[in-house]
Amino acid sequence: MQINHSMQQHRDNFPALGHKAYFNYGGQGTMPRSALEAINQAYEYVQVHGPFSSRVNSWLQEQSAKTRNAIAQQLNVPIETITLTENVTSGCNIALWGIQWQKNDHILMTDCEHPGVIAAVQEICRRFGVTFSTCPILDTLNSGDPTAVITKHLQPQTRLVVLSHLLWNTGQVLPLQAITQVCHDQGVQVLVDAAQSAGSLPLNLTEIGADYYAFTGHKWFCGPAGVGGLYVRPEVRDSLHPTFIGWRGITMTSGQPTGWKDNGQRFELATSAYPLYTGLTSAIAIHDQWGSPQERYERICQLSAYLWEQLSQREGIKCLKDSPPEAGLVSFTLPGVDHQQFVLSLEEKGFQLRTLADPDCIRACVHYFTTEEEIERLVKQLDKKRFASTSSN
């Protein structure tokens with residue numbers, strides 16, 4: 001199948017696509033060339049004009065503001081709600097440790113959360129006498145009501161629900177606005193791991209209403225590793241206390257700290273790799289040149305449905321979802337095949353995917369600039385493996 005000329009021109013912005021079929025955007029996105037150039041130019045600017053000169057410090061503040069604004073526009077929120085972080089885990093920890101926990105408080109998580117977040121919740125429980133439990137969201141992948149499941153598992157002592165908007169292992173999109181409304185009706189806050197949703201789903205966090213939304217720039221936004229963010233709903237900002245504290249988050253009078261900044265910067269610390277911010281800003285601009293978040297999402301869904309259909313038609317391949325995905329993650333199994341060894345063998349042939357442990361599966365991610373031809377070549381490799389496995393039995 002021929003690649004559309006304009007799409008090929010767009011793909012030319014991404015050096016990594018020239019020699020591989022990339023299906024691991026949920027792990028890390030492929031940076032556009034303009035982002036690489038922006039980072040290099042920013043580092044050079046800093047060195048040419050002096051790393052700690054007033055001119056450079058002012059310029060870096062301008063770049064930080066541009067990055068916050070680019071992110072805020074993608075999320076449909078005011079710029080003052082955005083905290084710049086390193087990654088999703090940093091953002092989740094800001095929210096988790098900033099809440100004033102009391103003994104016997106309860107945290108509810110789903111059974112599809114990332115180990116890093118689970119470990120943080122476990123440590124909070126150990127330190128503060130808080131309890132946690134999990135609810136069976138995995139069971140709702142193909143039938144059931146996630147909102148009803150979460151509602152059923154809320155307890156009188158529940159203060160926080162921790163969940164992912166787009167589940168990293170199965171590709172399920174949770175009805176976040178409905179879940180948030182149910183939680184707020186019972187006085188419960190909501191922390192969202194947005195590792196897979198930011199940059200892939202069209203978002204309006206003002207409407208969704210979640211209290212904390214932690215995301216990264218290096219996955220679906222295709223920015224550099226080391227830049228992410230946290231959205232904090234304005235109504236809960238003052239009740240969330242900074243845990244790690246630095247000069248970027250405080251106000252000062254006569255050189256002395258006097259309080260917190262009245263925006264998302266209050267949770268930021270100190271010196272960062274600021275040139276990376278320019279890379280994320282540039283990556284977001286490249287996506288916007290192709291289309292709006294809604295248009296990009298629709299293309300992602302078209303491609304993930306095409307991959308899902310190709311896989312579902314073949315015996316010996318089992319997709320976790322029994323209907324087309326609502327986003328770009330397609331998880332499947334090859335019964336009787338060592339998933340890890342197979343994915344490693346695919347990498348040697350120029351196909352990059354990943355395996356997951358729970359559930360045991362292979363995950364392929366498609367972005368809006370993935371091509372049908374890449375999908376077809378991947379499916380051919382899966383066919384070869386199926387036929388080889390059948391012949392050896």
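Under the salt bridge (Lys or Arg N to Asp or Glu O under 4.0 Å) criterion, Glu235 pairs with Arg233, sequence neighbours left out.
Looking only at distances, a side-chain donor or acceptor of Glu268 sits under 3.5 Å from a matching main-chain atom of Leu84. One N or O on the side chain of Arg314 and one on the backbone of Gln310 form a donor-acceptor pair closer than 3.5 Å. Thr85 places no side-chain N or O within 3.5 Å of a backbone atom of Leu230 that could act as its donor or acceptor partner.
When only modelled atom types and interatomic distance are considered, Thr158 and His106 share a side-chain donor-acceptor pair under 3.5 Å. Between the side chains of Asp12 and Gln8, at least one donor N or O sits under 3.5 Å from an acceptor N or O. Counting only N and O atoms by type, the side chains of Gln172 and Thr140 include a donor and acceptor under 3.5 Å apart. When only modelled atom types and interatomic distance are considered, Arg248 and Ser272 share a side-chain donor-acceptor pair under 3.5 Å. In this model, no donor atom of one side chain and acceptor atom of the other lie less than 3.5 Å apart for Asn24 and Gln28. Side-chain N/O atoms of Ser90 and Asn87 include a donor and acceptor closer than 3.5 Å. Inspection of the Ser164 and His114 side chains reveals no N or O donor paired with an N or O acceptor under 3.5 Å. Using modelled atom types and a 3.5 Å distance limit, the side chains of Glu348 and Ser345 yield no donor-acceptor pair. Side-chain contact check for Glu298 and Gln294: at least one donor-acceptor pair (N or O, by modelled atom type) lies under 3.5 Å. When only modelled atom types and interatomic distance are considered, Thr170 and Ser331 share no side-chain donor-acceptor pair under 3.5 Å. For the residue pair Glu376 and Tyr306, a side-chain donor N or O sits within less than 3.5 Å of a side-chain acceptor on the partner.
In this structure, Arg296 fails the cation-pi test against Trp290, since its NZ or CZ atom is not both closer than 6.0 Å to the six-membered ring centre and inside 45 degrees of the ring normal.
Classified by interplanar angle (parallel below 30°, tilted 30° to 60°, perpendicular above 60°), the ring pair His287/Tyr368 is perpendicular.
Between Glu373 and Arg377 there is a salt bridge, with a side-chain nitrogen of the basic residue lying less than 4.0 Å from a carboxylate oxygen of the acidic one. Ion pairing between a basic and an acidic side chain is recognised when a charged N comes within 4.0 Å of a carboxylate O; Glu309 and Lys321 show no such pairing.
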Yes or no on side-chain contact (heavy atoms from CB on, under 4.5 Å) for Val236 and Tyr212, after CA distance, side-chain angles and deciding distance? CA-CA 9 Å; Val236 301; Tyr212 316 107; 3.8 Å; yes
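Of all the heavy atoms in Thr81 and Pro234, the pair that sits closest is CG2-CG, 3.7 Å.
Partner of His339 under the side-chain hydrogen bond (donor to acceptor under 3.5 Å, both in side chains) criterion, out of Thr355, Asp360, Thr333: Asp360 alone.
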